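First the proteins, then the strands, lettered A, B, ... as listed; each starts at 1. Keep in mind it's a predicted model, so treat the numbers as computed, not measured.
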Number of protein chains: 2
Amino acid sequence: MTKSAGEVKAPQKAPGNQPKTARGEATRKAILSAAERVIGAKGYNDASIGHITSEAGVAQGTFYIYFTTKEQVFSELVLEMGRLVRHTIAEATQGIEDRLEAEKAGLTAFLEFVCAHPDLYRIVQEALFVDPQAYQEYYQTFAAGYRAGLEAAQEAGQISKGDAETRAWALMGIGRTLGEQLVVFKSDKPISEIVASGYDLIANGIKP
Amino acid sequence: MTKSAGEVKAPQKAPGNQPKTARGEATRKAILSAAERVIGAKGYNDASIGHITSEAGVAQGTFYIYFTTKEQVFSELVLEMGRLVRHTIAEATQGIEDRLEAEKAGLTAFLEFVCAHPDLYRIVQEALFVDPQAYQEYYQTFAAGYRAGLEAAQEAGQISKGDAETRAWALMGIGRTLGEQLVVFKSDKPISEIVASGYDLIANGIKP
DNA sequence: ATTATACATGAATACTGGTTCATGTTTCAT
DNA sequence: ATGAAACATGAACCAGTATTCATGTATAAT
């Protein structure tokens with residue numbers, strides 16, 4: 001993680017108290033993971049510190065060794081979700097040179113991800129109210145990358161010309177709502193079918 | 001409940017205690033309207049009954065004359081948002097026989113609506129956690145109507161064939177995210193431009 | 001006018017749950 | 001071994017706030 005001299009402190013992120021032992025590391029992870037499950041299931045407000053710590057198998061006070069506040073765990077989860085999603089999609093589209101194919105692969109990867117992490121999905125949604133800044137960062141970072149990809153594809157003539165910014169948001173919206181259909185509304189439609197229909201829309205639109 | 005003969009109770013909706021006087025009616029409306037502003041601005045949990053009633057200019061206890069619980073006002077707001085949005089879009093697309101034109105008009109109307117009612121927009125988002133049932137009803141009702149419209153247009157040959165269900169969700173997603181870009185991320189891009197780009201995507205896709 | 005009903009008040013109640021803290025226990029360098 | 005630092009505990013504190021209630025005031029019918 002980008003060291004320089006003798007410093008071992010985390011570079012950009014210094015949230016709460018970082019553990020300094022393997023034991024501490026494990027405990028912190030356990031709490032974070034429990035928080036993901038509990039907050040994802042019950043929502044931010046109904047998820048009490050007591051719930052989280054008992055799910056993690058530690059005492060209530062232990063929470064405050066690693067996190068300064070309830071909101072902080074939440075923020076960290078949103079951040080993590082952002083990194084994970086971007087990483088997952090980047091990996092899935094790695095090496096695909098045709099943008100349309102990359103769209104298809106990216107959409108598939110995203111839908112599979114949200115199915116595997118329904119809790120994280122809900123947490124990001126709730127961030128709009130609990131931690132608006134984290135929410136904005138999540139979407140703006142995502143949108144920025146998406147937009148850059150679309151612009152490059154335009155240059156390369158792989159897709160038609162158009163406002164990359166608006167397109168990026170619209171395409172995110174497609175993925176988001178289709179993901180929600182799966183996770184929140186518990187549709188049993190297979191991902192491959194959804195992707196096929198979604199991709200057709202993205203590529204060709206609905207004009208006859 | 002389920003009365004039979006000479007009952008005059010509200011037909012489908014019987015939330016809390018309905019007022020029986022013009023005065024009561026006015027007070028109830030004032031509270032509902034204040035709730036919309038306060039909850040929209042601060043979010044469900046930070047919006048206390050005290051905040052709402054003082055914004056409405058009534059005493060705290062007055063709240064419970066018309067609403068049985070804090071959650072109930074919230075539900076009612078989500079319901080109202082649903083009716084308003086559907087009504088607004090239906091009106092805007094009234095009499096447009098070409099589906100693609102109707103899409104454009106509907107998207108415009110939706111974006112204008114969310115700009116005019118940013119609070120309601122946020123409230124619906126928060127319903128996912130505060131009142132999941134209301135949230136689901138909101139989207140499923142919307143999706144059902146959307147889907148029916150798309151299917152009819154397919155029959156009429158106005159749009160290409162495709163899975164109307166998935167298309168409905170995807171198109172909702174586009175509107176939703178573009179609306180969010182305006183209201184939450186405070187983009188200053190004019191609606192007409194956004195609609196133009198969005199419509200192009202919906203109609204033609206991004207294939208070169 | 002009178003009275004029953006609807007409406008309004010705001011202080012009191014009751015309870016939840018985030019955060020702190022004094023007190024142990026474990027780990028690690030020396 | 002041994003002391004210091006890291007880690008862990010859970011009971012207690014405290015603030016906020018949804019809801020209730022006893023007590024009024026306005027309204028409409030008789």
Side-chain angles (χ1 to χ4, degrees), chain A residues 6 8-10 14-35 37-39 41-77 123 126 129-131, chain B residues 7-10 14-35 38-39 41-77 126 129-131:
Chain A
V8 197
K9 281 264 179 75
N17 301 346
Q18 224 61 23
K20 298 169 181 171
T21 310
R23 179 164 69 130
E25 188 89 26
T27 305
R28 192 182 204 275
K29 275 218 179 78
I31 294 174
L32 201 59
S33 156
R37 271 167 285 144
V38 176
I39 296 180
K42 309 171 88 95
Y44 181 78
N45 288 281
D46 291 348
S48 69
I49 304 294
H51 288 143
I52 293 172
T53 50
S54 91
E55 170 83 13
V58 299
Q60 204 154 333
T62 308
F63 181 92
Y64 291 92
I65 297 175
Y66 301 105
F67 303 96
T68 59
T69 184
K70 187 183 171 188
E71 230 182 281
Q72 196 214 319
V73 207
F74 186 85
S75 287
E76 209 150 310
L77 287 173
I123 285 170
E126 197 162 15
F129 306 94
V130 177
D131 187 346
Chain B
E7 265 304 353
V8 198
K9 282 263 177 73
N17 300 346
Q18 225 59 24
K20 298 168 180 173
T21 311
R23 179 164 67 131
E25 188 88 25
T27 305
R28 193 182 203 275
K29 275 219 179 76
I31 294 173
L32 202 58
S33 155
V38 176
I39 295 180
K42 308 172 89 94
Y44 181 77
N45 289 281
D46 290 348
S48 70
I49 304 294
H51 288 142
I52 294 172
T53 49
S54 91
E55 171 83 14
V58 299
Q60 204 155 331
T62 307
F63 181 92
Y64 291 92
I65 297 175
Y66 301 105
F67 304 95
T68 60
T69 185
K70 186 183 171 185
E71 230 183 282
Q72 196 214 319
V73 205
F74 187 85
S75 287
E76 211 151 309
L77 288 173
E126 197 163 16
F129 306 94
V130 177
D131 187 347

**OP:** Take atom CD of A/E25 and atom P of C/dT27, then tell me their distance rounded to the nearest Å.
**Re:** 16 Å
Original post:
With a non-hydrogen cut-off below 4.0 angstrom, is A/A47 in contact with a base, only sugar-phosphate, or nothing?
Top reply: sugar-phosphate
Original post:
Is B/T27 near enough to C/dA8 that one of its side-chain N or O atoms lies under 4.0 angstrom from OP1 or OP2?
Top reply: yes
Original post:
Is any side-chain N of the basic residue among A/R28 and A/E76 closer than 4.0 Å to the acidic one's carboxylate O?
Top reply: yes
**OP:** Whole angstrom is fine here: how far is it from CD1 in B/I49 over to P in C/dG10?
**Re:** 16 Å
Original post:
Is there a side-chain contact between A/F67 and A/L32 (heavy atoms, below 4.5 Å)?
Top reply: yes
**OP:** To the nearest Å, give me how far apart NZ (A/K20) and C1' (D/dA8) are.
**Re:** 16 Å
Original post:
Considering only side-chain heavy atoms of B/I65, which listed nucleotide, C/dG10, C/dT9, D/dA8, is closest?
Top reply: C/dT9
**OP:** On DNA chain D, check which nucleotide each of B/Y64 and B/A22 is closest to and give me the residue with the more 5' one.
**Re:** B/Y64
Original post:
Heavy atoms under 4.0 Å, any strand shown: does A/S48 hit a base, just sugar-phosphate, or nothing?
Top reply: sugar-phosphate
Original post:
Tell me, do B/D46 and A/F129 make a side-chain contact under 4.5 Å, heavy atoms counted?
Top reply: no
Original post:
Roughly how many Å is it from CZ in B/F67 to P in D/dT20, rounded to a whole number?
Top reply: 15 Å
Original post:
Want to settle it: does A/G61 or B/T21 sit nearer the 5' end of DNA chain D, counting the closest nucleotide to each?
Top reply: A/G61
**OP:** Would you kindly give the CG-to-P distance between B/D46 and C/dG18, to the nearest whole Å?
**Re:** 13 Å
Subject >> Separation of atom CZ in B/F63 from atom P in C/dA11, rounded to whole Å >> reply: 19 Å
Subject >> Value in whole Å for how far the C1' atom of C/dA8 lies from CD of B/Q60 >> reply: 13 Å
Original post:
In whole angstrom, what separates B/Y44's OH from D/dT17's C1'?
Top reply: 12 Å
Original post:
Of all the choices, D/dT9, C/dC7, C/dT26, which nucleotide is nearest to the side chain of A/R23 once you look at every atom?
Top reply: C/dT26
Original post:
Going by distance alone, is a donor N or O of one side chain under 3.5 Å from an acceptor N or O of the other, for A/S33 and A/R37?
Top reply: yes
**OP:** Answer yes or no: is there a side-chain heavy-atom contact under 4.5 Å between A/I31 and A/V58?
**Re:** yes
Original post:
Between D/dC7, D/dT19, C/dC7, which one does the side chain of B/K70 approach most closely?
Top reply: D/dT19
